[in-house]
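Below: one structure, written as structure tokens.
As the structure is a prediction and not an experimental result, all values here were calculated from the model. What's counted below: heavy atoms across the whole structure, side chains too, no hydrogens, waters or symmetry copies.
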Amino acid sequence: MLEACRLVRNLFATAKAYRAQRWIAEHALVEDRYGLVRVVAGLDVAYKRGRHGEDVGVGVAVALSYPSLKPLACEALARVICVPYVPGLLAFREMAVLAPALARLLRRVSVDLVLVDGHGIAHPRRAGIATHVGVVFDIPSIGVAKKRLYGREKAVGDKTLLVDDGGRPIAMIIERGRSRIYVSPGHRISVESSARLVKTMLKRGRLPEPTRVADSLTKSLKRVVGEISCCDPVSLRTPQCGSNSRNIFSS
DNA sequence: GCGACAG
DNA sequence: ATCTTGTCGC
């Protein structure tokens, strides 16, 4: 079983991944094509080491009301991840858990916007994980990253942007004290709107609420995930959210 | 050849 | 991302 994963690892073709990303980028819309925002989803993945050295990914998709930012629903699952982390190819490693989680969340709630942990078009091929999610689901998405991957900084007025080789804006840097986050469009939204919306979701800590809650849930859930031997997704019991118990999401 | 390099 | 000891401060 471990050999099977090793095989997949070796077969992973960077060239084909690049082709797929060029396709994703071609289909990404960096304009404001979203409606009234009532529900925002946060996506994140955490990892734990399996008994035999495999990576087990725990993916979470949580829906929050907007602008009140109260948890409404959450879907989570875990599975063995055979794709290695390669800078620029993060989506191929995390989509395996994020896609099923988001798909199931969308079955329960009508989501207007998705915040993904990672970059959107602030990527060497304009196809960061937030763009993958946005294009694949054809849903407005924004990438929120803690570190830069691509692009050079450029001060414009009182703001700092990230621009590509052609000088085109690809992300906005939002600074809070000594820390900063990189906000870039994933799909169906502009750089300006991405930054404006994310700012309205900054509550406590460094990340916007949907991302912070997803991150918190992901870390809590991985502690209660048992051994997973196959690559098939395993559903995770999710904390009840909404009316009565939103306390679980506090931390 | 030498850095840079999301999570 | 994950691992991981000690330390600073409310």
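- For A:R19, the CZ atom is loosely surrounded, since the number of other residues' heavy atoms within 6.0 Å does not exceed 12.
- Residue A:R49 places no side-chain N or O under 4.0 Å from the OP1 or OP2 atom of C:dC3.
- Atom C1' of nucleotide C:dT4 and atom NZ of A:K219 are separated by 15 Å, given to the nearest angstrom.
- Atom CG of A:L89 and atom C1' of B:dA6 are 11 Å apart (whole Å).
- The closest side-chain heavy-atom distance from A:S179 to A:I181 is not below 4.5 Å.
- When the side-chain nitrogen and oxygen atoms of A:K48 are compared with OP1 and OP2 of C:dA1, none of them lie within a distance under 4.0 Å.
- With centres under 5.5 Å and a plane angle under 30°, the ring of A:Y85 is stacked against the base of B:dG7.
- For the pair A:L90 CG and B:dA6 P, the computed distance is 9 Å after rounding to whole Å.
- A:A46 comes within 4.0 angstrom of sugar-phosphate atoms only, judged by non-hydrogen atoms across all strands, and of no base.
- Taking 4.0 Å as the cut-off between side-chain N and carboxylate O, A:R108 and A:E75 count as a salt-bridged pair.
- Proximity of a side-chain donor or acceptor of A:H119 to a complementary backbone N or O of A:R148 within less than 3.5 Å is not detected.
- Closest approach to the A:D117 side chain among B:dG7, C:dT2, B:dA6 is made by B:dG7 (side chain taken as heavy atoms from C-beta onward).
- With rounding to whole Å, A:Y150 atom OH is found 16 Å from B:dG3 atom C1'.
- Under 4.0 angstrom from either OP1 or OP2 of B:dG7 there lies at least one side-chain N or O belonging to A:K146.
- For A:H123, the side-chain atoms get nearest to B:dA6 when compared with the rest of C:dT2, B:dA6, B:dC5.
- Rounded to whole Å, the distance from CZ on A:R223 to P on C:dT2 is 12 Å.
- Base contact: A:G88 has a heavy atom under 4.0 Å from a base atom.
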